[in-house]
Amino acid sequence: MSKVTVCDHPLIQHKLGVIRNKDCGTKDFRTIVSEIAGLMCYEATRDLKLEDVEIETPITKMTAKQLSGRKMAVVPILRAGLGMVEGMLTMIPAAKVGHIGLYRDPKTLEPVEYYCKLPADCGQREVFVVDPMLATGGSACAALSMLKKHGCKHIRLLDIIAAPEGIARVQREHPDVDIYVCSVDEKLNDHGYIIPGLGDAGDRIFGTK
Ligand SMILES: O=P(O)(O)OC[C@H]1O[C@H](OP(=O)(O)OP(=O)(O)O)[C@H](O)[C@@H]1O
Ligand SMILES: O=c1cc[nH]c(=O)[nH]1
Ligand SMILES: [Mg+2]
């Protein structure tokens, strides 16, 4: 069963409070989403493997550490997930970036696919799927299925805010995928929006409403 980690670091929780506020404008919203993504990346990479490496400091020889596990990839779910890419790459600059285009049909709430471009070797990589919102879980589950069809076997899902319904669906359909969130909110409203949430993340990042 997917492990759910709530990233409860005070800096993350403070920043989350700022972007939830309806008066937070596009510029600040975009900047802070990126900052939160960087901090979430720190939590979501905590168990990466290290190996010893012999180096020489300006003073003496020593045994240092370096990452030894799989190479990494960041995969945003378009559009809102794009807001988390830069923050992720500040922490893991060598990661490749794939893109999955999905939007949620406002009437049916079903995800509609419109784009998929992944690194050729994504099956060998540790994949970090990023999207600020996990609501019904339809978009995340569709993205995870697309990645698995392309051979990805080691996937983690990072969402800033999740509804309990979305977490339950990912756990049911993709029990091998661990989930990292900053908050598990109360519930969904009749239109599939997270309560209290922060509204439409894509619109707030790109200023489209
Ligand atoms: O869990 P779900 O019920 O599928 O909802 C979550 C999805 O909805 C939002 O995207 P949206 O469809 O608004 O597309 P956008 O990023 O282009 O705004 C959000 O960024 C997720 O991808
Ligand atoms: O609350 C929600 C639900 C889905 N997508 C969003 O951007 N916000
Ligand atoms: Mg949207």
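Numbering of ligands and ligand atoms starts at 1, following listing order. Source: prediction; values computed, not measured.
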Atom nearest to the Mg ion (ligand 3) - Asp200, N, O or S atoms considered: OD1

Charged N-O contact under 4.0 Å between Lys209 and Asp200: no

Arg104 near ligand 2 by a heavy-atom separation under 4.0 Å: yes

Test: Lys61 and Glu56 ion pair at under 4.0 Å: no

Minimal non-hydrogen separation, Arg169 against Thr136, with atom names: CD-O, 3.4 Å

Asp131, portion touching ligand 1 at heavy-atom distance under 4.0 Å: side chain

Atom of Leu102, atom of Tyr114 and distance for their closest heavy-atom approach: N-CE2, 3.3 Å

Nearest-contact summary for atom 7 (C) of ligand 1 - protein heavy atom, Å: Ser139 OG, 3.6 Å

Test item, Gly192 contacting ligand 2 (heavy atom, 4.0 angstrom): yes

Atom 9 (C) of ligand 1 protein-contacted, heavy-atom criterion under 4.0 angstrom: no

Other residues, nucleotides, ligands: >12 heavy atoms within 6.0 Å of Glu173 CD: yes

Those atoms of ligand 2 less than 4.0 Å from some heavy atom in Ala135: 3 (C), 4 (C)

For atom 1 (O) of ligand 2, the protein heavy atom that lies nearest, with its residue and separation: Ile194 N, 2.8 Å

Atoms of ligand 1 close to Leu78 [distance to a heavy atom under 4.0 angstrom, numbered from 1]: 16 (O)

Atom 17 (O) of ligand 1 - nearest protein heavy atom and its distance: Arg79 NE, 3.0 Å

Shortest protein contact, atom 6 (C) of ligand 1 (heavy atom only): Met133 O, 3.6 Å

Any N/O pair Ala140/ligand 1 closer than 3.5 Å: no

Per-atom contacts, ligand 2 versus Met133 - under 4.0 Å to a heavy atom: 1 (O), 2 (C), 6 (C), 7 (O), 8 (N)

Arg104 NZ/CZ over Tyr193 ring centroid, <6.0 Å and within 45° of normal: yes

Selection from Ala163, Gly166, Gly137, Pro111 by shortest heavy-atom distance to atom 1 (O) of ligand 1: Gly137

Donor-acceptor contact below 3.5 Å, side chain Ser34 vs main chain Met84: no

Within-cut-off N or O pair, Ala201 and ligand 2, under 3.5 Å: yes

Under-4.0 Å heavy-atom contact with ligand 1, by part of Ala201 that carries it: neither

Residue Ala80 vicinity, atoms of ligand 1 by number, heavy atom under 4.0 Å: 16 (O), 20 (O)

Polar side-chain atom of Asn189 near backbone of His191 as donor-acceptor pair, under 3.5 Å: yes

Distance-only N or O hit between ligand 1 and Thr136, under 3.5 Å: yes

Sub-4.0 Å atoms of ligand 1 with respect to non-hydrogen atoms of Gly202: 18 (O)

Identity and distance of the protein heavy atom lying nearest atom 2 (C) of ligand 2: Tyr193 CD2, 3.3 Å

Lys71/Glu126 ion pair, N-O < 4.0 Å: no

Atoms in ligand 1 with a heavy atom of Arg104 nearer than 4.0 Å: 2 (P), 3 (O), 4 (O), 5 (O), 12 (O)

Gly199-ligand 2 polar pair, N/O distance under 3.5 Å: yes

No-hydrogen, no-angle side-chain donor-acceptor test under 3.5 Å, Arg20 and Ser183: yes

Asp190, CG: over 12 other non-hydrogen atoms inside 6.0 angstrom: no

Asp203 bridged to Arg79 by N-O distance under 4.0 Å: yes

Nearest-neighbour protein heavy atom for atom 13 (O) of ligand 1, which is reported as residue plus atom name and distance: Asp200 OD2, 3.6 Å

Heavy-atom pair of closest approach, residues Lys153 and Gly123: NZ-O, 3.6 Å

Ion pair Lys148/Asp176, N-O distance below 4.0 Å: yes

